[in-house]
Each structure stands twice: as structure tokens, then as C-alpha cells.
Amino acid sequence: MLRFDDRVAIVTGAGHGLGRSHALLLAERGAKVVVNDLGGALDGTGASAGPAAEVAELIRETGGQAVAGADDVSTPEGAEAVVRAAVDAFGRIDIVVNNAGILRDRSFGKMTVEEFDAVLAVHVRGSYLVSRAAYPYMKEAGYGRVVNTSSPAGLFGNFGQANYSTAKMGLVGLTKTLGIEGARNGVKANAIAPVAWTRMTSSLLPAEFESRFTAERVSALVAYLVHDSCEVSGEVFSVGGGRVARVFVAEGPGWRSDDLTPEDVAANWAAVMAEQPYLLTATESMQAML
Ligand code: NAI
């Protein structure tokens with residue numbers, strides 16, 4: 001059994017849904033957990049200390065160790081407070097699962113700048129800021145595991161989610177670069193693109209998904225990726241319904257000329273667009289999961 005005894009983990013957005021499930025699994029397997037959650041609505045408005053406190057309490061009731069916090073990960077002060085909570089309570093920080101997220105869906109032409117910025121602030125800035133605050137401790141210890149939460153909507157695009165897609169693909173770049181830079185310090189960073197039945201998706205997914213696309217089926221991959229034995233870094237994984245698959249950016253064989261002209265491009269468009277048998281859309285990815 002993969003265990004996390006003596007490891008200290010931060011899970012952001014752990015008051016509900018996927019984060020809650022990640023926190024419970026890591027705690028059950030011996031990790032000391034900082035349960036962070038702002039406790040707001042799905043669109044990020046409002047705040048409550050309740051959800052994080054309830055999850056931390058549940059962990060303690062079942063014999064685990066946890067502290068709760070309702071800091072906003074999208075601000076440097078909030079992110080630093082999350083990491084300080086780990087160090088103050090448990091003396092170190094080994095694992096960061098950046099999971100906190102919000103939605104402000106609207107079609108591209110109607111989306112406001114505020115809606116765009118608010119979504120990037122939580123997903124991209126939040127993940128960057130918490131990892132940034134934890135990184136000096138990981139560097140010092142020569143050990144760290146980071147998981148960022150991307151999305152099929154970012155990898156493949158999705159109607160009404162220009163802000164969210166931008167944020168989620170941004171996390172792929174952040175993950176890949178942290179994977180490269182962290183290598184010399186024993187820090188591994190990976191990203192997941194999950195599908196799970198939570199408050200974020202229950203109004204979008206068909207009802208029969210509830211029993212199959214459980215949060216626990218996503219947490220299993222997260223636990224593997226933050227374990228000592230995990231060798232991979234800078235990778236992205238699609239996960240949902242019990243299926244796990246590597247996702248990668250693919251480039252076709254292409255077409256070249258030393259004297260490339262616009263007309264060459266037009267005349268050789270079929271070769272430029274040459275396809276490989278990869279999954280290229282969220283629908284194909286979902287079909288494979290099903
Ligand atoms: P959820 O809404 O249940 O959980 C998100 C949590 O993040 C909430 O508890 C919320 O209070 C917290 N949060 C929001 N803003 C915060 C902030 N500034 N600071 C701290 N906490 C904050 O939704 P779910 O589905 O569990 O989502 C978890 C992550 O997985 C999100 O990043 C989401 O975008 C991502 N995701 C989920 C998918 C799904 O199928 N459920 C699909 C793809 C990605």
C-alpha cells in the first residue's frame with residue numbers, strides 16, 4: 001500500500017468535491033493535511049470557514065491529523081498563510097495539491113474582463129502562489145510533490161469557457177516548467193485533467209455519471225503522483241470514471257521547404273494537417289473513459 005506517513009500535504013479547495021476526496025485519502029494513508037478552502041460559491045463569491053473545518057474535523061475524528069484554513073489562494077498573503085499553516089502545525093511541507101477553482105462561464109463575446117481575470121486569479125495565480133510559497137521548503141528538503149488541476153476544457157477547449165480554458169492550459173505550462181526546474185531539487189510536478197461528479201459538474205453531466213465518475217476515482221491518481229515512488233514529472237494525465245491516461249501535446253510530421261511561400265502552405269495544407277491517431281477532443285477523451 002502506498003503510504004504517506006511523516007509527509008505533510010496541502011490540498012487547496014478541499015472543502016468540497018475533488019479536493020475533499022484528495023485530502024481524505026492522503027490523511028487515511030498517514031499524511032498530515034492542511035485542508036484549505038475559501039468556502040465560497042461556485043463562482044467564487046462569498047466565503048465561509050465551515051467547509052474546510054468540517055473536512056479537517058472528519059479527518060481528526062477518523063484518527064488522522066489535519067488543520068483547516070479558509071485563506072484565499074489567489075492572493076500572495078492567502079497562499080503564504082496556507083503554507084505557514086503547514087509549517088506551523090507540522091514543521092514541513094512535502095506535497096501541494098493545487099485544486100481550488102471557480103467557474104464564471106459565458107460565451108466569448110459576452111464575457112467581461114472581470115470574469116476572465118477572476119477565473120485566472122484562482123486557478124493560475126492560486127496554483128502559482130501556493131507552489132511559490134512552498135517551494136523554498138521543498139528546495140531546502142530536496143523533496144517535493146506538486147499536482148496542479150487542469151481540465152479537459154483547457155486541453156481541448158469548451159464552449160463558454162474562454163477564461164477557464166485559458167487558465168487550465170496555463171497550468172499545463174506551469175506544470176511543465178516547474179517539472180523542469182524542480183528536477184535538480186527533487187521536486188516533481190504533474191497535472192491532472194479530471195472528470196468527476198461534483199457541485200461544479202452535477203448540472204452538466206448526465207445523471208448516470210454520478211455513480212461512475214466519483215471523486216475517489218480521481219484521488220487515486222493524485223495520491224500516486226504525490227507519492228515518494230512516483231518517477232514522472234512535467235506530465236499531464238486525463239482521469240475519470242476509473243480510467244487514467246497520459247495526455248500529451250502532439251505535433252504532426254508537417255511539411256517543409258527551404259523557400260516556404262504562402263502559396264506552398266496553401267498547396268500543402270493536407271500535409272501540414274496530417275493527423276496521428278491521438279485523442280484530440282474532450283469528446284474522444286470522454287468516449288475512451290466510458
Ligand atoms: P468544487 O466547487 O466542489 O471545489 C472547488 C473548491 O475550491 C471549492 O470548495 C471552493 O470553495 C474552493 N475555492 C474556490 N476559490 C478558492 C480560493 N480562492 N481559495 C481557496 N479555495 C477556493 O469543484 P470540483 O469539481 O471539486 O473542482 C476541483 C478542481 O477540479 C477545480 O480546479 C476544477 O476546475 C477542477 N476540475 C473539475 C472537474 C470535474 O469534473 N469536477 C473537471 C475538470 C477540472
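Note that ligands are numbered from 1 as they come in the structure, with each ligand's atoms numbered from 1 the same way. Basis for what follows: all heavy atoms, side chains included, without hydrogens, waters or symmetry-related copies.
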Starting from [atom], what is the nearest protein heavy atom, named by residue and atom, and what distance separates them?
{"atom": "atom 35 (C) of ligand 1", "value": "Thr149 CG2, 3.5 Å"}
{"atom": "atom 43 (C) of ligand 1", "value": "Pro194 O, 3.2 Å"}
{"atom": "atom 2 (O) of ligand 1", "value": "Arg199 NE, 2.8 Å"}
{"atom": "atom 3 (O) of ligand 1", "value": "His16 CB, 3.4 Å"}
{"atom": "atom 37 (C) of ligand 1", "value": "Leu18 CD1, 3.8 Å"}
{"atom": "atom 29 (C) of ligand 1", "value": "Asn99 O, 3.0 Å"}
{"atom": "atom 40 (O) of ligand 1", "value": "Ala196 N, 2.8 Å"}
{"atom": "atom 34 (O) of ligand 1", "value": "Tyr164 OH, 2.5 Å"}

Should you measure from each heavy atom of [X], which atoms of ligand 1 turn up under 4.0 Å away?
{"X": "Gly39", "value": "11 (O)"}
{"X": "Asn36", "value": "20 (C), 21 (N)"}
{"X": "Thr201", "value": "39 (C), 40 (O), 41 (N)"}
{"X": "Val195", "value": "40 (O)"}
{"X": "His123", "value": "32 (O), 34 (O)"}
{"X": "Gly17", "value": "3 (O), 26 (O)"}

For residues 6-25, which residue pairs pass the salt bridge (charged side-chain N to carboxylate O under 4.0 Å, His left out) check, not counting sequence neighbours?
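Of all non-adjacent pairs touching residues 6-25, those that pass salt bridge (charged side-chain N to carboxylate O under 4.0 Å, His left out) are Arg7-Asp94, Arg7-Asp228.
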
Tell me the nearest of Thr198, Val11, Asn98 to atom 24 (P) of ligand 1, using heavy-atom distances.
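Looking at heavy atoms only, Thr198 sits closest to atom 24 (P) of ligand 1.
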
Have a look at Ser48, Ala14, Gly101, Gly15 and point out the one with the heavy atom closest to atom 5 (C) of ligand 1.
Gly101

Please name the pair of heavy atoms, one in Ala86 and one in Ile93, separated by the smallest distance, quoted to 0.1 Å.
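Taking every non-hydrogen atom into account, CB-CD1, 4.2 Å.
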
Report the part of [X] (side chain from C-beta onward, or backbone N, CA, C, O) that has a heavy atom under 4.0 Å from ligand 1; answer both or neither where that applies.
{"X": "Leu42", "answer": "side chain"}
{"X": "Ser150", "answer": "backbone"}
{"X": "Phe213", "answer": "neither"}
{"X": "Ile102", "answer": "side chain"}
{"X": "Asp71", "answer": "backbone"}

Hydrophobic cluster membership, with links at side-chain heavy-atom distances under 4.5 Å among I/L/V/M/F/W/Y: are [X] and [Y] in one?
{"X": "Leu221", "Y": "Leu2", "result": "yes"}
{"X": "Leu120", "Y": "Met169", "result": "no"}
{"X": "Leu58", "Y": "Leu18", "result": "yes"}
{"X": "Phe108", "Y": "Val119", "result": "no"}
{"X": "Tyr137", "Y": "Val187", "result": "yes"}

Return the set of residues passing side-chain hydrogen bond (donor to acceptor under 3.5 Å, both in side chains) with Asp259 (not counting sequence neighbours), or none when no residue passes.
none

Could you tell me whether [X] atom [atom1] has more than 12 heavy atoms of other residues or ligands within 6.0 Å of it?
{"X": "Glu140", "atom1": "CD", "value": "no"}
{"X": "Phe237", "atom1": "CZ", "value": "yes"}
{"X": "Lys139", "atom1": "NZ", "value": "no"}
{"X": "Tyr143", "atom1": "OH", "value": "yes"}

Compute the shortest N/O to N/O distance between Lys168 and ligand 1 and return yes if it is under 3.5 Å, no if not.
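So ligand 1 has an N or O lying under 3.5 Å from an N or O of Lys168.
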
Please indicate whether any nitrogen or oxygen in Gly19 is less than 3.5 Å from any nitrogen or oxygen in ligand 1.
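Between Gly19 and ligand 1, no N or O pair is found under 3.5 Å apart.
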
Does Met138 form a side chain to side chain contact (heavy atoms under 4.5 Å, CB included) with Asn185? I'd like the steps, not just the answer.
CA-CA 8 Å; Met138 293 181 166; Asn185 298 306; over 6 Å; no

Indicate yes or no: at least one non-hydrogen side-chain atom of Val232 is less than 4.5 angstrom from one of Leu225.
yes

